[in-house]
Structure formats: C-alpha cells, structure tokens
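Numbers here are sequence positions counted from 1.
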Amino acid sequence: MTGAAGSLQAPSFGALETWLRARRDSGAKLLIPYVTGGYKGWQRAVEAAAAAGADAIEIGIPFSDPVIDGPVIQQASTAALDEGATPASVLEEARELDTGIPHAVMTYYNICHHQGHERFAAALVEAGVSGAILPDLPYIEAGSWLDDAAEAGIEAILLAAPTTPEHRLGELCGASRGFVYAVGLLGVTGERASLARTATEIAARCLAVTDRPVLTGVGIGSPSQAVEACEVSDGAIIGSTVVRTLMSDGPEAVGELVASYRTALDRG
C-alpha cells in the first residue's frame with residue numbers, strides 16, 4: 001500500500017526466520033537439533049534428523065576451547081578435531097547437504113574474528129547456511145558482527161540468558177535474527193534430570209518483548225522436557241542428547257531420537 005508519505009511494507013525476514021515463523025504460525029512447536037560438524041557420520045545424522053521432522057539444523061563447528069559446551073559435545077568436538085576437522089572442511093561438507101530445511105552454525109567468535117567478519121559470513125553463505133550463533137560474543141560487543149552478517153545475508157542469532165537485564169532484553173531480541181535463543185540455565189550444555197525453572201522464565205520474558213520466534217535450549221534432555229519448555233516457548237533446541245546418540249549408536253539412531261521429540265511436541 002502506498003500513499004503520500006511513502007510506502008508501507010511488511011517486515012523482511014531471512015530464510016531461517018521466514019521458515020520458522022511459518023511453522024510457528026501454522027501451530028507447530030519448533031524443533032532444532034544440534035549436530036557436531038566433522039564428527040564421523042555427522043552428515044547422515046543431519047539428513048536423518050531432517051527426515052524425522054526437524055524444523056532446522058544447528059551445525060557445530062568444532063573449536064578447541066568450547067566454553068559453553070558440556071562434556072558430551074566437548075568429546076565430539078575433540079574427536080572431530082583429532083580427525084582433522086576445520087571450519088573450512090565442515091562448511092565444505094555442509095555444502096553437500098540437501099535437507100529441505102534451513103541450517104545454522106554454532107561456533108565461537110575466535111573463528112569468526114580470525115577469518116574476518118566478511119570472509120566468515122561469505123563462507124557461510126557459500127555453504128548454504130542461513131544463520132550463525134556465536135555464544136561467547138556478548139550482545140553489547142556484537143554490533144559490528146551484526147552489521148556485517150546482515151550485509152552478507154546471514155541471520156545472527158543472539159542468546160538471551162536468565163541474567164540478561166530487563167532494560168537490555170528488548171534490544172537484544174530486536175537485534176537477533178532468525179530466532180531468539182533462550183538459554184534455559186546458567187552453565188554448560190548437557191542433559192539434566194529435570195527442566196530448570198529458569199528455562200520457562202527466560203522464554204516468557206523474551207516473548208513479552210518480541211514477536212520473533214523464541215526457542216529454548218541448554219538443559220533439555222528428554223521429549224517430556226521439550227514439551228514442558230514449549231508450554232511457554234515456540235520451540236526447543238536439543239544438542240547433547242543428539243550428539244550422545246550419534247557417538248554411541250550412529251546417525252540412523254539420531255533420526256529415531258529426533259522422531260521421538262517430534263512426536264511428543266506434535267502431541268503436546
């Protein structure tokens with residue numbers, strides 16, 4: 001619609017956010033599994049997860065000092081690095097994937113900084129990746145990365161922690177692209193016996209200040225916990241349980257695991 005004052009246009013979203021919004025608005029609870037790139041069988045695990053009903057895939061680029069990763073993902077990352085995995089090799093293998101759903105990467109800012117923002121973002125685009133999560137880059141220091149990622153067409157996904165103050169939460173959710181990653185608890189990734197109270201609290205706080213999809217991750221270790229998290233949030237991110245399954249039982253078992261989460265979320 002146009003008028004004398006100019007034109008009114010619908011907001012423009014990237015491929016990842018457009019996809020997740022459509023799924024959410026159709027009534028689905030979103031499910032994003034994490035798979036450690038470079039680990040033996042990781043590509044087949046990604047394909048199996050997609051076929052089992054994942055809405056997007058988070059691909060981990062291994063790093064030698066993964067400060068937010070718990071022991072399971074650390075073990076997989078170390079194994080991948082020992083086998084010669086590099087950011088370039090993981091992204092080259094990611095280019096070969098044809099899952100029909102968006103992909104995002106999760107890695108650490110040192111890798112992005114070492115390559116340079118523009119080069120790193122361009123490499124993601126070349127690999128068919130839509131979004132990027134850099135969990136050790138605080139929002140208040142992320143301005144130049146957010147700008148450079150947006151310029152390249154990469155959706156920079158930001159993390160909202162239980163300790164994020166109210167006066168900053170709205171800005172953070174507004175600056176995030178793709179979705180808002182609601183960190184369920186303080187500490188490293190890993191499965192827990194029960195869902196932390198903070199997981200639903202931070203998701204509710206985010207949803208109060210944004211229409212962007214909000215997904216809860218860190219500390220979700222069972223389908224029932226994913227359902228509990230999604231009573232508030234738009235979806236769940238599962239990592240350690242997926243990687244543990246990949247390491248112990250192989251890629252096909254990852255598909256079976258993701259299917260169990262998909263079924264639980266669909267049943268509510």
Is Ser89 reaching over with its side chain to a backbone N or O of Ala85, donor-acceptor style, under 3.5 angstrom? no
Test item: Thr164 side-chain N/O and Ala161 main-chain N/O as donor-acceptor pair under 3.5 Å: yes
Heavy atoms of other groups near Glu252 CD, more than 12 under 6.0 Å: yes
Start with the C-alpha distance between Tyr34 and Ile238, add both sets of side-chain angles, then the distance that settles side chain to side chain contact (heavy atoms under 4.5 Å, CB included), and finish with yes or no. CA-CA 6 Å; Tyr34 167 99; Ile238 52 174; over 6 Å; no
Backbone N or O of Asp55 within a donor-acceptor pair of the Arg262 side chain at under 3.5 Å? no
So, for Val209 and Cys173, which heavy atoms are closest and what is the spacing to 0.1 Å? CG2-SG, 4.0 Å
Where the side chain of Asp148 meets the backbone of Glu118, is there a donor-acceptor pair that is under 3.5 Å apart? no
Identify the residue among Arg177, Arg212, Arg23 that makes a salt bridge (charged side-chain N to carboxylate O under 4.0 Å, His left out) with Glu17. Arg212
Using side-chain heavy atoms (C-beta onward) and a distance below 4.5 Å, is Arg205 in contact with Ile202? yes
Hey, is the main chain of Ser233 close enough, under 3.5 Å, to the side chain of Lys29 for a donor-acceptor pair? yes
Do the ring centers of His114 and Tyr109 come within less than 6.0 Å of each other? no
Could you walk me through whether Glu126 and Arg95 pass the salt bridge (charged side-chain N to carboxylate O under 4.0 Å, His left out) check? CA-CA 7 Å; Glu126 182 68 19; Arg95 288 182 61 186; 3.5 Å; yes
Between Arg24 and Pro213, the two heavy atoms sitting closest are NH1-N, 3.6 Å
Short side-chain to backbone donor-acceptor contact, Thr198 and Glu201, under 3.5 Å: no
Side chain Asp234, main chain Leu215, donor-acceptor under 3.5 Å: no
Hey, can you tell me if Phe120 and Trp145 have their rings parallel, tilted or perpendicular (30° and 60° cut-offs)? tilted
Is a salt bridge present between Arg244 and Asp249, judged by a nitrogen-to-oxygen distance below 4.0 Å? no
Checking the side chain of Gln43 only, and the main-chain atoms of Leu97 only, is there a donor and an acceptor separated by less than 3.5 Å? no
Does the Thr107 side chain pair with the main chain of Ile61, one donor and one acceptor, at a distance under 3.5 Å? yes
A quick test of your reading: do over 12 heavy atoms of other residues, nucleotides or ligands sit less than 6.0 Å from CG of Asp98? no
Determine whether a donor-acceptor pair (N or O, by modelled atom type, separation under 3.5 Å) exists between the side chain of Ser77 and the backbone of Ile73. yes
Min side-chain heavy-atom separation Ser222-Gln225 under 4.5 Å: yes
Do you know the tightest heavy-atom contact between Tyr108 and Pro135? CE2-CG, 3.8 Å
